[in-house]
Structure formats: structure tokens, C-alpha cells
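Note on naming: letters A, B, ... go to the chains in the order of the sequence lines (proteins, then strands), and numbering restarts at 1 for each one.
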2 protein chains.
Amino acid sequence: MAKAATVYDVAKHAGVSIATVSMTFRRPERVRPSTRDLVLAAARALHYVPSASARGLADGRTGVLGLFSFDYLLPVEVDEGADPDEDCRDFPLYVDEIQRGMELACRRHGYALLIGGPSRVGGAGNLTDIAGHVDGLAVFPQTLPAEALERIAGRIPVVAVSEPPDDDRLSHVTVDNRGGMRAVTEHLIRAHGRRDLLFVGGLNPAEGRDRFAGFQDAVRAAGLRVPREPLVPRTRALPGGRAAVVLPADLPLPEAFVCATDDVALDLLEILAGRGVRVPQDVAVTGFDGIVAGRVVRPSLTTVRQPMAEMGRVVVDILRGRLDDPGRAPVFRELPVRVVLRESCGCGPR
Amino acid sequence: MAKAATVYDVAKHAGVSIATVSMTFRRPERVRPSTRDLVLAAARALHYVPSASARGLADGRTGVLGLFSFDYLLPVEVDEGADPDEDCRDFPLYVDEIQRGMELACRRHGYALLIGGPSRVGGAGNLTDIAGHVDGLAVFPQTLPAEALERIAGRIPVVAVSEPPDDDRLSHVTVDNRGGMRAVTEHLIRAHGRRDLLFVGGLNPAEGRDRFAGFQDAVRAAGLRVPREPLVPRTRALPGGRAAVVLPADLPLPEAFVCATDDVALDLLEILAGRGVRVPQDVAVTGFDGIVAGRVVRPSLTTVRQPMAEMGRVVVDILRGRLDDPGRAPVFRELPVRVVLRESCGCGPR
DNA sequence: TCCGGAGATCTAAGCGCTTAGATTTCAGTT
DNA sequence: AACTGAAATCTAAGCGCTTAGATCTCCGGA
């Protein structure tokens, strides 16, 4: 790799000053066409690629948005050993779909997307390092040190995804967890006459609370008996690094399992199938999120779909808005959800 | 957003020099614990987040790898209008799986991943800008200006994915396209006795050539009649922005369609179903790539699977290798593929 | 021919960090 | 008490770019 050419090299080669070189790339219309051609020719000849670091340093913005992600299913402990072809992550997960939405939105607005996540080895993948690289940052729900987030939010706009607004300096994008859960639960009660419902908790406590509340709303409104406490399943690490739900062997069957997330619901379907329990005949099952895998399993999963691609878009919009107007206060957006009826609740195929 | 704190602010607040502040973060073991605590306290108090631009400028590396991607299915023309929830991209595509492999590999080695792609609006998402941000770059096959790639390759290591090695300065990672295609074709001939085979081309010309060659190898080796020229389907833009294959209405049915990619094969399955042609009874169909959607359709698609996650890993390894030893020459890695027999060729379910 | 002024180009001062190499500190000698 | 050398800290010089503001060019008009 030959020593990289800089503005200085290009300037000398073209017989102009570095300011003109810079101008040629930043504001071509302000330099005379003949000069412009000279500079561009020199740049080409020297294999000039402008340093984004230098640019970022000089003008204070990088043109990059960041996403600090987190694998629920593939924790950092997964290592080289695993056969990459047997990736359990066949279908895009919740976070993948949001990420995809961000990618598209970034592309549309001329931003690049920097993706990082917890990493043992240090390096630029860590939260603070990501933050140092970008103009704005999105973080997925997880136990990130609140102190670090606050610190970063004091420097660049930060939006927390799927994390109910707290009294912090972050923007928040969530969905109507309570309303959505209330709606599916009502469906089970009204359309399918299920009266003995068991709520199964998920992994994100904050969202889980809201969803449980929605569940209770529906149960109470129907005059059913005060719901049991949510069943909070234990999890077990699968060989692939995936977390699988574990249920007590003696769990009595309710008339319906109302799960806080699709992930849990899918595991539950598998467990039930293993025990010879028929869904939805013996027991109904519903999820929450609307991940692709839920459409593909048999029985297909009735669920509450979050508009994930749109969430990604909204995240980017919020970031852009706060970048345009740095004085703007943090934003909170709650997006609507949609109940998707499929087989696992007793509704027709798909 | 208050003006961001810098090393200078932290240094003053802690009563040390900026060198010490820097040292505290870069090489903590070299500063006395008491001083370190002082600096860290100041950093916390001031909400200090180090500027990655400044760091990158100063030490010449950013800790970021880049991926310049490209949506075959969602070209840049897709706009706000489309319902994001009806994203046709339900299942991860070829490029998504490789990207995922890169994400994991980057995380494992402490790199962050910067994702960009063609964008109309300019900004940091463009090829050269991405290049300026990263220590190494991967590009997906497409008609990227070769001149730009050469230029960038003169400054940082670049690896071209799924693009046969050319006489350039890029590293290349591909798979055994020819051998894989020969293998499925042989399977159709030997196991299913198909003798009238039609090859349907894909979108990437270079890979298509190798795959067609593999097809010809098998046909010739079986002593069958010289294969027709590949059928190169026209494509049509779907409302969602997806490119769909179009076949002539009067296309005579061979005994098997051997498709250059899964994408094309899946479209073909749909077209055939629409015409009431039964697969595999009336005609066999095979694909190439091993994308998830091929496992989920009915009939499930017999294909040649590329080790996509591993490709992503290899890409990162190559980049890392050339970063460690800048003198190293570009690398070429061809990975093996695996024939996956499913329903569409006449083999049992799944 | 000379002058004014718009447009093109240049000069020079940072942006915030890293890191040689210089300097200071300090515990241990003698 | 003076001296030593290792450890700790500091000084200062960039890294490559952007951008005010200064300067130069060059054309039309008097």
C-alpha cells in the first residue's frame, strides 16, 4: 500500500493550493471548470481518496449514523467453533428488521450506517468508540450502562429503540405494547372463547411490563378471574449460542398461552409439539413482534406485528431532525401495532 | 447539545496535560492509578467522548471496516411511498447473509462495520466516502466504476465478493461456481434421468459464465446433446422495487430448468405454478446460492449452497491480514459449495 | 488607459487526538 | 545529603482537511 496521497499531493500535482483541491470536491460549482478538471485529473492520477477522519475533524460532522446492536440470540460467547452454515438465525429477528429499516433510511438520506455491538476484544466496536465516529446513535434495549448513554447523549443525539421513555436525555421509539397486547388477548377471549389465559413473560423487562398490563386490561375487562402472575420462563443456552425457553415439566395447560414475544412463543410451540399437545385445539398460543419465523412455522403464529422497518426509518428521521436543529429536545414516538391472526389462535390458515 | 468536551477540557479539569489524558485511555497501565482516577472522573464529569475522527487522523487507523453493498432487489429508486411493512424482502438474501457474517466477524475482532451503498443524494454513503472512513473495504459484485475501485485499492485493502479474480489489485472471495453447478446438473441427469436441460442465466455475468461452464461440463460428460445457449431472462420491476424474471410465453418445457441463481429459480417456480406446470413431475428446477427462501417455498428448492456466513468471515480475515502486513499481495480464496437436494429436483421432501 | 468589483484562488488558522522525545518526579542508593 | 535511573508526565509537532478572510485576476465601463 503506497503512502496515501493527500490534498497536498494533489494540489502540488495540479499546481493549485490545497484550498482549491478541497473546494473542487466540496463545492465544484465555485471553481472554474478548467481548474476543476486539472484537480480531478491529479486526484485520479494519484489515487486520491479523501480522509474522512480529517474531514470529520475539520468540519465536525462525519455523515455517519451509528447503531449499537445486541444479539439476543447470538451472545458474544459464540466463537469460531460453531459451523457458520448452521446459523440458527435463519430468519431475520426483530432487531435485524429494524436494522434493515435503518439501512434503507440512511441510504436514502446519504448517511452511512456504522454497526457495532458488545465485543470482548475492545477496539472500535465498543459503545463509546462507535459514538465517537458518528453524528447520531441508535441503541437497542439492553443493559447498557446508563451512565455511558447519558454521557454520549450529551454530545450527540441518541435514540433508544423499544425502550419506554425514561427521565433521560435520550429520544425514544417504541410501539403500543399495552394496546396491542390487549387487542390479541381480547381476540382470544371473544373470538375463541378462551377464559383461562396464562401470560408468558419475555426478556425485555420494561416492554414486558406494558404488555402484561395490556393483557390484564383485557382479562379484567372481560370479567375473567384475576390473571395469574406472568410466567417468567427460564432460558437455557443452546449449542449454537441461542437462548431457548425452558418450561416446568408439570406446567398445567391453560386454554391459551399469551406470550410477550414471538421468540418465546415459538419455543413454546416447539415444546408443546414435543409433548404431543395440539395447537390450537388443546391450547391457543399468541406472540408479539411479528417476526418472519412466526409466519413460517406450523401452526403459524398469531401475533401483534410491530412496524419494524418503519421504526428504523423513524429512528433515522429523529436523528436527522436533531442534527438539523441541535437545540431540539429529545423526542418520543410510539408507533401503532397490528394484530395478525393466524393459525395458532384458532383462526384459519394464515 | 452543549459544546463537546475535548482532551483539553478534561486535562484542565483534571489538572494534567492532554498527553496524560490520551494515555489514560490508550495505555492505562502506563499512568499512575491515582492520576488515572483523576482523569476518568474528569472525563465523566464533562461527558467526554473521544472524537474518532481526531484519533483516526492522528494515528492513521479507524478501527472500522466497510461494506459497500447493493440491493439487487431494492434498487435505489424505491422511495418513501412504499409501505415499509410490505417489504418483499422477507427472507435474508444472499448479500444479507454475507453481511451478517461480516458483522459477526467484525464484532469478534473489535472492528465496527460501516455499511454504505449507492445513494442518489450523495453524502457519506458513497463509495469514496465509505472508503475514506475505513481501514479496509469489501464490495459486492456490481458495476462499480473499476477506476474508483483501483484507486481505493491503492490506499486501503479491498476485497471483491463473488467476483472472479481479475487482473486487479483487489482481493477476491468466491466459491466453486463451476464445480457446484456441474454437481447439481449431474444429479439431475444421473439420479433423475433428465436429459433435456435448459440453463437459465442470472444477473451477475461473471459468475454466470462459470456456472454455465459447469453446466456444460456435466451435460457434455453425460454425452447429452450440446446444450442450448443459456436462456437469459428479461427482468421486470415489481411495484415493490423488486426485479422479477419474465419468461417468453411460448417457452417450450425442457425436462429440467437449471437456474444460475435461487432468485431466478424462485421466480420461475412461481411462473410455472401460474401456468399449471407441476414441479418436479412435469419439470425439475434447481437453483444456486442456498438462500433461505428456497427452503421455505413449496416445492422446496434444490440448490447449491454457498457458505455465506463463512464468506463474510473470510472477507474480514483477509482484510485483517492485509492490515497487519501492508506489504501483502491481494489474496484469492475460492470456497467450496454443497449441493442441497430438496423437492424441486424430485428428491424427497426437504 | 485606468478603475472597480465580481469571481477565482490562496494563506493560514484551526479541528482533537497521538506520540516521540524532553523533562520532572521519586524511591532507592551511597 | 547528593545522586541515580526508572517511571510518570509534559511539550510540541504533526495527522489531512475545511473555511474565513486576504489577495489576485480579469473584464466591462468611464
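- In this structure, the side chain of A/Thr62 engages the main chain of A/His133 through a donor-acceptor pair within 3.5 Å.
- Among the protein residues, A/Ser22 comes within range of the nucleic acid bases, having at least one heavy atom under 4.0 Å from a base atom.
- Regarding contacts with the backbone of C/dC17, every side-chain N or O of B/Ser51 stays at 4.0 angstrom or more from both OP1 and OP2.
- To the nearest angstrom, P of C/dT9 lies 20 Å from NZ of A/Lys12.
- Distance, A/Phe25 CZ to D/dT18 C1': 14 Å, rounded to whole Å.
- Between B/Glu29 atom CD and D/dA8 atom P there is a gap of 10 Å when expressed in whole angstrom units.
- You'll find that the side chain of B/Ser17 is closest to D/dC10, out of D/dC10, D/dC15, D/dT18.
- Across the interface with DNA chain D, nearest-nucleotide mapping of B/Val21 and A/Ala54 shows B/Val21 to be the residue nearer the 5′ end.
- With salt bridges taken as basic N to acidic carboxylate O contacts below 4.0 Å, one links A/Arg151 and A/Glu147.
- One interatomic measurement links the two molecules: CG of A/Asp9 to C1' of D/dC15, which rounds to 13 Å at whole-angstrom precision.
- Checked by atom type and distance alone, the side chain of B/Arg36 pairs as donor or acceptor with a backbone atom of B/Pro28 at under 3.5 Å.
- Between B/Asp129 atom CG and D/dT18 atom P the separation is 10 Å, expressed in whole Å.
- Rounded to whole angstrom, the span from the CG atom of B/Asp59 across to the P atom of C/dA20 amounts to 11 Å.
- Residue A/Arg36 is classed as having no contact, given no heavy-atom separation below 4.0 Å to the nucleic acid.
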**OP:** Assess whether side chain to side chain contact (heavy atoms under 4.5 Å, CB included) is satisfied between B/Arg61 and B/Leu323, documenting all intermediate values.
**Re:** CA-CA 10 Å; B/Arg61 28 180 48 249; B/Leu323 253 18; 4.2 Å; yes
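- As judged by a 4.0 angstrom heavy-atom cut-off over every strand, A/Thr35 is placed among residues touching the sugar-phosphate backbone only.
- Distance A/Arg30 CZ to D/dT19 C1': 10 Å, rounded to the nearest Å.
- A donor and an acceptor atom sit less than 3.5 Å apart, one in the side chain of B/Tyr8 and one in the base of C/dC17.
- The residue among A/Ile18 and B/Arg32 whose nearest nucleotide of DNA chain D lies closer to the 5′ end is B/Arg32.
- Closest contact between the side chain of B/Ala19 and the listed nucleotides C/dT19, D/dT18, C/dG16 involves C/dT19.
- Mapped onto DNA chain C by nearest heavy atom, B/Ser53 and B/Arg27 fall at different nucleotides, with B/Ser53 at the one closer to the 5' end.
- If you take CZ of B/Arg61 and P of D/dC15, they are 18 Å apart, rounded to a whole angstrom.
- Without hydrogens or angle criteria, B/Asp166 side chain to B/Asp168 main chain gives no donor-acceptor distance under 3.5 Å.
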